[in-house]
Number of protein chains: 2
Amino acid sequence: MELDERKKKILKAVIANYLETGEPVGSRTISKYTDLDLNLSSATIRNEMADLEELGYIVSPHTSAGRVPTDKGYRFYVDNLMEEKEEIEEVKSSLLERVDRMELMLKQVAKVLAYNTNYATMVTAPNYRKTVKFIQLSQVDLDNLLAVIVVEGNIIKNQMIPVNVPLDNEDVLKFNILLNTFLQGAALEDINLEMIQAMKKQAGEYEVILDQIFQGIVEAIHEANELEIYTSGATNILKYPELGDISKTSELLETFENKNELSHLLEKSINSESEEGIQVYIGDETPVQNMKDCSLVTATYKMPEGATGTIGIIGPKRMDYKKVVSTLKNLTIELDDIFKKGKGENTDGN
Amino acid sequence: MELDERKKKILKAVIANYLETGEPVGSRTISKYTDLDLNLSSATIRNEMADLEELGYIVSPHTSAGRVPTDKGYRFYVDNLMEEKEEIEEVKSSLLERVDRMELMLKQVAKVLAYNTNYATMVTAPNYRKTVKFIQLSQVDLDNLLAVIVVEGNIIKNQMIPVNVPLDNEDVLKFNILLNTFLQGAALEDINLEMIQAMKKQAGEYEVILDQIFQGIVEAIHEANELEIYTSGATNILKYPELGDISKTSELLETFENKNELSHLLEKSINSESEEGIQVYIGDETPVQNMKDCSLVTATYKMPEGATGTIGIIGPKRMDYKKVVSTLKNLTIELDDIFKKGKGENTDGN
DNA sequence: AGTTAGCACTCGAACTTGGTGAGTGCTAAT
DNA sequence: ATTAGCACTCACCAAGTTCGAGTGCTAACT
């Protein structure tokens, strides 16, 4: 059954009120609600609300309480009723000026966003298709070589490599030539055992040292492939009393502390959705089990090189979707802009 | 007034009981408590407890409840009554095997410690006296130079430096020589305007580029000087119902999220205490205001080079001091050991 | 037919009441 | 000095009470 215009209005009013107060909303409240020009008595509203309840959009927690939106209700609101805010929620871009280090910037984004919205946020680093752009060994001191690897997107990895045989400059130079010949431009996934075998052959007498070097490099590359994720404002979750059930909420907070877990979960689900742009996950729809009492809104941003990353906002189901969606929209636009200007130069990874 | 032997025993019994249960403990409980061979009736205990209350070691939350230790009581316990555990609380050292990257290791320490104790933990990186050990510029691509700086303790910093003039290999080589001449072996604090001026003079026509390079290097160095801090198990705090006052606890959790703040606070207070070894801060004694309903136990570990770092455990006032202290003691010993073996090689910073 | 006023009803929240028991302080006997 | 005994206190719990917001239904109104 399609909702007629009036039912839509009433549903919208119920949700709008509930988003504000977090309390069940009653018929009288709606009938006094002027924003939508309903002008109906509470009795009429009651009849309509009874229908809406039967249809599963709202529910009353007990006989003599008002109504509360169900997940289905929120879903309908987000899909059909919510017109987005016109006024641009200016993300304080002053805070976003320093683009010179990718990592810091993304942390900053998470922080600013959490501060502005009062929800929990997370930002993943862009998933470049990682090809090796630059690789270099240097002798730092008698016992250590330093491998510096720069991959596409200017993410830098360092690795100290202990060596027990003294090397002279020429040896190091040789290694560098060897490494660059084989590895420059290679995608990280392509660096496999075969390639390593081939390099070893060429290394001749230094095979043992090469082994150590490899071990270091492989580790560094492996790390470069991990999806970095930055979070902020996790404790904002505690501000919403409906999530006050500590045992549940603390699990959620733990998930936040364990960024690894979080990143895996997100990677699996969000990347598999080929859709781009803003996604809203309400309650059970969320990919992360621990968030099932919350809602998650994600947005995708793009780097000029084609890499994409995800920004997520986690809040109570009654979060201000309108604000969150428009904030995220503006933020991604702003980010795309910044990246276009900066064109990826001047970035850094840990 | 000095506490006589019996009062001490009773105080100890009260605290021991309270640490276990978290409930106010009554006279009858103590009189049945066999561990200390008191063999007194509850009435006698009551008289003694009344004295202890008058002296400020314990307090009863209301007329007909048992007694609870005060901060003063805890302090006395920690200083005089608590004999440390004999059996070594083995920190699962298997998890500490990978020493190859300082940063990862310290994170791991925080994690393992939080997991084993069920309290919140934090670990600061060692405060090396940071002298530049190695500095190198490389041309990564047409637009970017990469500065790699290694400071004592093998902490590595990277900085991408955009340049708008094409440079050839010889230019880069020149810069490298220049940088190394001036900076190698210099303490980070010594790198000041004068030195920079002197270098600029020598740079001649490339002064502008040098400027950019400097800016990058200064930033990198500045960062290297920040006290790194790693935390774990912050959500463990929520497990203790006496800290269940969400508004207070959430502030504490926020402090944990803001590692910067935390690190500044700690730096100020803990480093200023010249004492080493284990320190116990109870309630108000803690350097961080938000922790005043908790206790903080810190330990100092040493690197062979003389650098030191701090490990902290934050829990409720009724934390198991005995266990925490002995765990920390063993941990620092183990760490000192690991560092001695590894002798600082094979480390890395972000 | 759609809307509304009116009314009986429901049920959670908040408050009251009384009983229970753990624990205390005091006193008097040992 | 220690202890048994006793009156007293007070948080906690369960049962009962009131209160009011909100509902569903019916009958009257437009």
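When reading the values below, keep in mind they use all heavy atoms of this one structure, side chains included, and skip hydrogens, waters and symmetry mates. Convention: sequence-line order gives letters A, B, ...; per-chain numbering from 1.
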Take atom [atom1] of [X] and atom [atom2] of [N], then tell me their distance rounded to the nearest Å.
| X | N | atom1 | atom2 | answer |
| --- | --- | --- | --- | --- |
| A:N39 | C:dG2 | CG | C1' | 16 Å |
| A:E48 | C:dT3 | CD | C1' | 11 Å |
| B:I10 | D:dT2 | CD1 | C1' | 12 Å |
| A:I58 | D:dG22 | CD1 | P | 14 Å |
| B:D4 | D:dA1 | CG | C1' | 13 Å |
| A:H62 | D:dG20 | NE2 | P | 16 Å |
| B:R6 | D:dA1 | CZ | P | 10 Å |
| B:L52 | C:dG23 | CG | P | 17 Å |

When you match B:T44 and A:A65 each to their closest nucleotide on DNA chain D, which lands nearer the 5' end?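 Comparing both residues, the 5'-ward one is B:T44.
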Does D:dT23 have OP1 or OP2 under 4.0 Å away from a side-chain N or O of A:R67?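 For D:dT23, OP1/OP2 do have a side-chain N/O of A:R67 under 4.0 Å.
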Distance check: side-chain N/O of B:R28 vs OP1/OP2 of D:dA4, anything under 4.0 Å?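 No, outside the criterion.
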Along DNA chain C (nearest heavy atom to each residue), the more 5'-positioned of A:R46 and B:S27: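 Its nearest nucleotide lies further toward 5', so the answer is A:R46.
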Measure from the side chain of [X], starting at C-beta and using heavy atoms only, and say which of [options] lies closest.
| X | options | answer |
| --- | --- | --- |
| A:N47 | C:dT4, C:dG12, C:dT24 | C:dT4 |
| A:M49 | C:dG21, D:dT23, D:dA4 | D:dT23 |
| A:S64 | D:dA4, C:dG25, D:dG22 | D:dG22 |

So how far is it from A:L252 CG to A:D293 CG, rounded to the nearest 0.5 Å?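 It comes to 9.0 Å.
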Which distance, rounded to the nearest 0.5 Å, do you find between the CG of B:L3 and the CD of B:E48?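 Reported value, rounded in 0.5 Å steps: 10.0 Å.
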Yes or no on salt bridge (Lys or Arg N to Asp or Glu O under 4.0 Å) for A:K12 and A:E83, after CA distance, side-chain angles and deciding distance? CA-CA 11 Å; A:K12 188 172 173 181; A:E83 76 270 5; 2.9 Å; yes
Looking across every strand, which nucleic acid part, if any, lies under 4.0 Å from A:T63 by heavy atom: base, sugar-phosphate, or nothing?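 Sugar-phosphate, backbone atoms only, no base.
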B:Y119 ring center near B:Y240 ring center (under 6.0 Å):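 Yes.
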Can you find a side-chain donor-acceptor pair between A:N80 and A:K8 that sits under 3.5 Å?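 Checked: A:N80/A:K8 side chains show no N/O donor-acceptor pair below 3.5 Å.
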